[in-house]
Number of protein chains: 4
Amino acid sequence: MDSFQQASPPPTQPLEIRVGFDVALRFPAPTPMIVTLGVHASRVADLLEEDPLQVEPEVPLRLYVDSYGNHCHRLVAPAGVLRLRGSGLVADSGRPDPVLPALKQRPVEELPEEALLFLLASRFCESDLLSPMAWSRFEGGAGGWGRVQAICDFVHEHVRFDYGRSSATKTALQTYESREGVCRDFAHLAIALCRCMNIPARYCTGYLSDIEVPPPHTAMDFHAWFEAYLGDGWHVFDPRNNTPRIGRILIARGRDAADVALTTTFGPSELESFEVWTA
Amino acid sequence: MDSFQQASPPPTQPLEIRVGFDVALRFPAPTPMIVTLGVHASRVADLLEEDPLQVEPEVPLRLYVDSYGNHCHRLVAPAGVLRLRGSGLVADSGRPDPVLPALKQRPVEELPEEALLFLLASRFCESDLLSPMAWSRFEGGAGGWGRVQAICDFVHEHVRFDYGRSSATKTALQTYESREGVCRDFAHLAIALCRCMNIPARYCTGYLSDIEVPPPHTAMDFHAWFEAYLGDGWHVFDPRNNTPRIGRILIARGRDAADVALTTTFGPSELESFEVWTA
Amino acid sequence: MDSFQQASPPPTQPLEIRVGFDVALRFPAPTPMIVTLGVHASRVADLLEEDPLQVEPEVPLRLYVDSYGNHCHRLVAPAGVLRLRGSGLVADSGRPDPVLPALKQRPVEELPEEALLFLLASRFCESDLLSPMAWSRFEGGAGGWGRVQAICDFVHEHVRFDYGRSSATKTALQTYESREGVCRDFAHLAIALCRCMNIPARYCTGYLSDIEVPPPHTAMDFHAWFEAYLGDGWHVFDPRNNTPRIGRILIARGRDAADVALTTTFGPSELESFEVWTA
Amino acid sequence: MDSFQQASPPPTQPLEIRVGFDVALRFPAPTPMIVTLGVHASRVADLLEEDPLQVEPEVPLRLYVDSYGNHCHRLVAPAGVLRLRGSGLVADSGRPDPVLPALKQRPVEELPEEALLFLLASRFCESDLLSPMAWSRFEGGAGGWGRVQAICDFVHEHVRFDYGRSSATKTALQTYESREGVCRDFAHLAIALCRCMNIPARYCTGYLSDIEVPPPHTAMDFHAWFEAYLGDGWHVFDPRNNTPRIGRILIARGRDAADVALTTTFGPSELESFEVWTA
């Protein structure tokens, strides 16, 4: 089950991808919040049209860049409904996720310091608890790229995609045991297993232009994947799709979903409506 | 139960505190590791005598400062027993932990960005799960310093100290439910509850000169406490002792104990012996 | 002199750009050095073929990511000649530098904190000394993108390109006065003027695929440009060429060239040979 | 001239140091500014009384922590006079600056990454230009602590303190040549020379409780000193006083004074009055 190498690459052509969102939340009282819905700092240079966050009613916005390089806005939502909208036109190479099977796993002592944080357990990735399982399953096989691919293959087959079984507090261990989840859960389990094997892994969220929405759902959603540190850098893996895809537009990265919620509200709120698109 | 204000302050005199450790680990195979046993960067200027980490057998050591300002060493432990030793003489004001009841809680929108990370859930502090309990219990009372003190009072009374019930993977929720734990568990539960109430909180580990060791244990150990962001800065709280103490020498800070293990080994190892002292 | 808007965009097609270098330095004694010759962290994901740094004679290499996100290697050069080689195949959108004249200058109070450092004077960009000149010249005209473009137009016309007048310690003020310089000097002067006008600006170095080498020179060199913070992000400007170009491959960013020397040697050394290519 | 070792240490007793400032600036127009006048993050835990920044007229203040760990406030000064006041009571060990002659200079290849930035030339410390002088003068003698002390001795003797010859744009090279300067210039020259010798050095500004004010001046001012990286950490040196002092309260650190101006105004302003005290 290592289908990447055989795939004949699709003809590449550069894309202009229109992305956007329209979210409404209801607040019983004024509530501070952090919004991480803009395109990631590393993709700002590819924006062909500006994509400012629009907020209704209008409130002061403060942009900051968090310790992972994510573009975040701080604001205080007034009581009532808050609507957040944004869109952008992003230049993209049109090239599918690179597959580089020759990349080696770096021994821990050779990893750059900035990668070490991504070896540690985190809220939704209990690598400390999953370690015995991971070693028994993934120690024997190939190292490097092959090992991360084996982890993705395992997660892809072990977990059944089920929109109905999503939960904002579900962890990698719970996904391993329940064998059900959404893209975020696929990513968390694969991240935890990579960390068990001493491969730094970080959580990514963003747009995926050719995402498939399983019936009966018709609406788009954001997608979640991860990056593993192999060779001299970070590389994309997507255990939910488990095949190279085109048009990934990164929004945010972190240790896991706890670090990169698209909206973090410091008080109660209710989702009124939610729409995401890429084209 | 707010005994701090009444306490008559002990007469302050400056201290010279000798601290040290002597740890031996057995490795079945060469194993990379991170050692965070030195005095924290913020206390290096107080070192009256140098405190280099000594490793037996001698192996190359590489010092680095992690994203929290902790002094960490990287090394590869050879197969067999590795002994880590260090000691230092640290100047200390001899002043007990400050008690500043007038300090206010900053609204989230006024917090400096660097504090925001310490509002999020982390491996051992599931503030997302504990939030309803925290709000029902701590919303009504005083804000600011008083609220953090109320959290410490609650944790101090709710949890029974029990050396035997320690576990390296125990979380705040598990401590809340089992009502047993060690200083690290007291800290995790209080941190999680502070974060629920939108007060940034971070985990601290280090030496405490006047630590009490409960019988039948006779050996010292490192201590764990936390810092909460109130007013314009971080302030020490210690829910295990729950009274101001003298001679806290910080070693490391992080989101929780997952970030600041004193030794992190990337492979199996066994603790052979362990000694810590302060005087 | 605002030729960007009129230019009809060239037909875009995605590129695979082969880049590389081959540098030899002679050292009289063993000398520690930092090498920043790899593709920048933000472009690692575009590498279609790995680009490991090769060093002759072989010495231990340690990769790290500096505070600007640059990929740097540390090593100790032995006495004698050290040869550094590397190459890579980089996917590129083939799109010229975006021109976004509608982008506004953010007032200082709305800039994200991470941009503030790039408002301050630095080793080669004495914005403190150039401020009166800058205000008298650039205050009146358009703000935002137009102001940065006016600065680039001014620098492009004021300074004569002269390979022979390059110096590793030449500053923006010296370039302004001598009216001669290389691409690095063009960038330093424009950066200093942007900072005078409260527009954050940072120095960039890397490959430019369609760089023109003025006769009698035939060899390629690395190129220098800068990024200005406009709207919600950093955008490319190139006062040396002063027209949108294709195939910029970033190597490193910093406050100025003092932060991003391609090689920094902590002791004497002599350049023996130097070759750079892009194709 | 190595008077430190012979000095009999004064009897140490802990101090409570009251510090404060009262500054007034006149602005012709609304002007954004950054104020770095609070006690440094590393000393916030020693504050016995809160020290909030007070601004007249009242304007919104936003606290942030910059990349050096400095506590900075952002605000927009209205047209007219702006008055900034603050004070605090700081616990201090009362111990003079430690003298640790046994500390060694780390070879560059063993320095932690976070120290490397402080080896590079910066706006006011042209180590690139001063290198030949530094090597001819300081290569022969002792290494480590002794070398930094030799640099301080040289600067202390070479430069004449002269309040009248201060300039906000004076560099280390200009101080070396003019042989006149204020504490800030002493620090810049010593920092530049340390960097020439591959010793990381960073600029510090703050209160010094027993500062001497040379007649005819009667008013206090802030003080400037520096820290050099020796052994496993940063250590205080003060080439202006060149003898250990008591009661240093750090406000800010950076590469040089360009990074840590006490107030940075992004537009014209005039100093109306200025008062600083420590007791």
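Protein chains get the first letters and strands the later ones, always in sequence-line order, with residue 1 at the start of each.
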Exercise for the section: Answer whether the closest heavy-atom distance between the side chains of C:Leu111 and D:Arg74 falls below 4.5 Å. Expected result: yes

Handout entry: C:Asp66 side chain reached by D:Leu116 side chain, heavy atoms, under 4.5 Å
Key = no

Practice task
Output the option from C:Asp259, C:Leu117, C:Ile34 having the highest count of non-hydrogen pairs under 4.5 Å with chain D.
Solution key: C:Asp259

Practice task
Could you look at C:Leu75 and say if it's the side chain, the backbone, both or neither that has a heavy atom under 4.5 Å from chain D?
Solution key: neither

Handout entry: Heavy-atom check, side chain of D:Leu120 versus side chain of C:Arg255, under 4.5 Å
Key = no

Problem - C:Glu110 versus chain D, the contacting section by heavy-atom distance below 4.5 Å - result: backbone

Handout entry: Closest contact, heavy atoms only, D:Ala121 versus C:Ala258
Key = O-CB, 3.9 Å

Handout entry: Side chain / backbone / both / neither for C:Val108 at chain D, heavy atoms under 4.5 Å
Key = both

Exercise for the section: Identify which one of C:Asp256, C:Asp128, C:Thr171 satisfies the side chain to side chain donor-acceptor pair (under 3.5 Å) criterion when paired with D:Arg123. Expected result: C:Asp128

Problem - Given C:Pro60, C:Pro30, C:Pro32, the one that forms side-chain contact (heavy atoms from CB on, under 4.5 Å) with D:Glu109 - result: C:Pro32

Practice task
Drop me the distance from C:Glu126's CD to D:Phe124's CZ, to the nearest 0.5 angstrom.
Solution key: 9.5 Å

Completion exercise
Highest number of heavy-atom pairs under 4.5 Å with chain D among C:Thr264, C:Val65, C:Leu129, C:Thr31 belongs to C:Leu129

